[in-house]
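For reference, the structure discussed in these notes is given below.
Per chain, numbering begins at 1; letters A, B, ... match sequence-line order.
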2 protein chains.
Amino acid sequence: MTVKSIKFSLDFRSGTPIYLQIMDQIRQMVAKGELVQGDQLPTVRQLATDLRVNFNTVARAYRLLDQAGLISTQHGRGTYIWEEPTDETIHQLRQQSLDGLTRRFLHEAHRLGASPEDVLSIVDQSINYWKVNGDPPKPDLD
Amino acid sequence: MTVKSIKFSLDFRSGTPIYLQIMDQIRQMVAKGELVQGDQLPTVRQLATDLRVNFNTVARAYRLLDQAGLISTQHGRGTYIWEEPTDETIHQLRQQSLDGLTRRFLHEAHRLGASPEDVLSIVDQSINYWKVNGDPPKPDLD
DNA sequence: TGTGTAATTGTATAAATGTATTATTGCCAT
DNA sequence: ATGGCAATAATACATTTATACAATTACACA
């Protein structure tokens with residue numbers, strides 16, 4: 001509920017990009033234990049206002065930290081510290097592996113009554129789309 | 001009288017919107033026959049509480065499924081499975097469900113940094129296993 | 001039996017929040 | 001100078017949430 005206040009300053013003349021400075025500061029706060037799993041970070045707009053930068057710059061830092069697995073940004077909900085790299089996380093990450101992902105996918109498809117041919121067919125189709133467009137089909141319906 | 005309990009979990013990190021995840025899960029339950037005509041779904045507030053989500057998000061999923069003709073939401077009364085799942089309907093739902101599953105799968109794979117070739121390769125492998133053994137590889141072989 | 005009132009349930013609208021796309025800026029190598 | 005490129009900003013958009021509202025039901029009580 002309570003948003004962790006993040007207090008630090010930027011050096012606009014240092015030559016290191018703002019988004020990198022933001023990333024570093026958050027990484028350090030996590031390393032020091034000032035931010036722990038589940039803590040909510042300021043919204044991109046709030047932090048941007050505090051730091052007097054455009055919110056897209058904060059969003060960029062958040063996005064990269066998300067990809068790095070340190071935080072979790074959730075559309076419409078906010079941004080949270082994800083997890084420290086404990087065994088728990090390792091397990092989670094393992095579950096996130098491509099292999100595990102595939103197995104769970106096929107398992108679900110099987111439970112839906114799909115045949116191997118059905119699955120291969122639709123995967124082939126979608127993969128083709130992916131190759132052509134550079135991105136997989138959006139998870140929306142047509 | 002008895003409200004069908006719906007049990008599933010959401011992935012807030014996946015990047016696929018909550019309301020789509022809810023829609024897919026309900027579609028799948030109908031496709032599998034776990035929900036049939038007349039069954040009452042949890043109220044928007046109940047399901048929202050279970051899923052730790054705002055009830056408007058559930059309402060959005062319900063509204064879209066209502067517009068699709070799968071369920072019937074009634075102001076002040078509740079939400080019910082609408083269609084008599086004819087073979088045709090089931091077939092359609094399975095197709096939609098499989099489609100949704102596949103898209104979310106590829107979306108996740110993409111997010112993990114996999115290339116189309118990576119995905120196709122590992123899917124091919126597992127599908128082969130499936131054909132040979134009659135069942136897909138178990139999802140949690142640790 | 002009727003009726004008023006509270007509780008339950010879905011709806012409508014706006015605010016909060018992150019995302020995607022495009023434009024602008026500033027720097028550096030040529 | 002200038003063409004290219006990374007960083008930042010501007011703008012429009014999608015998703016989720018907050019809040020107030022409307023329809024229906026449950027129930028007490030006359």
Rounded to whole Å, the CD-P distance (B:Q40 to D:dT24) equals 15 Å
Polar side-chain contact A:N56-C:dA20 base: donor and acceptor under 3.5 Å: yes
Counting side-chain heavy atoms from CB outward, which of C:dG18, D:dT16, C:dG10 is closest to B:P17? D:dT16
For salt bridge (charged side-chain N to carboxylate O under 4.0 Å, His left out), just list the numbers for B:K32 and A:E108, CA-CA rounded to whole Å, side-chain angles, deciding distance to a tenth of an Å, and then say yes or no. CA-CA 11 Å; B:K32 290 183 203 162; A:E108 273 305 303; 3.8 Å; yes
How many whole angstroms separate atom CG of A:L47 from atom P of D:dA9? 13 Å
What's the CD-P distance between B:Q74 and D:dA23, to the nearest Å? 15 Å
Test side chain to side chain donor-acceptor pair (under 3.5 Å) on B:Q28 and B:S97 and set out the steps. CA-CA 6 Å; B:Q28 287 181 34; B:S97 298; 5.3 Å; no
Just the rounded figure in Å: distance from P of D:dA14 to CG of B:L64. 14 Å
Note: for B:V53 and B:R45 on DNA chain D, the residue whose nearest nucleotide lies more 5' is B:V53
Taking the minimum atom-to-atom distance to the side chain of A:T57, which one of D:dT24, D:dA14, D:dA9 wins? D:dA9
In this structure, how many angstroms lie between the C1' atom of D:dA7 and the CZ atom of A:R63, rounded? 12 Å
When rounded to whole Å, the CG to P distance for the pair B:L10 and D:dT15 reads 15 Å
How many Å lie between CG on A:L51 and C1' on D:dT8, as a whole number? 14 Å
Working note: B:R13 + A:D66, criterion salt bridge (charged side-chain N to carboxylate O under 4.0 Å, His left out); need CA distance, chi angles, decisive distance, verdict. CA-CA 9 Å; B:R13 292 202 82 202; A:D66 180 305; 3.7 Å; yes
Residue pair B:G76/A:R60 against DNA chain D: nearer the 5' end by closest nucleotide is A:R60
Check A:D24 with A:R27, please: is the shortest side-chain N to carboxylate O separation under 4.0 Å? yes
Look at B:T43 and C:dT8 and indicate whether a side-chain polar atom (N or O) is within less than 4.0 Å of OP1 or OP2. no
For a quick check of understanding: with a heavy-atom distance under 4.0 Å over all strands, which category does B:F55 fall into, base, sugar-phosphate or nothing? base
Would you say a side-chain N or O of A:T79 is under 4.0 Å from OP1 or OP2 of C:dG18? yes
In this structure, how many angstroms lie between the C1' atom of D:dT24 and the OH atom of B:Y80, rounded? 10 Å
Examine D:dT15: is either OP1 or OP2 under 4.0 Å from a nitrogen or oxygen in the side chain of B:Y19? Give yes or no. yes
When you measure from the side chain of B:R77, which nucleotide among C:dT19, D:dT24, D:dT8 comes out closest? D:dT24
Looking only at heavy atoms, which two atoms of A:W82 and A:S72 are closest? And how far apart? CE3-CB, 4.0 Å
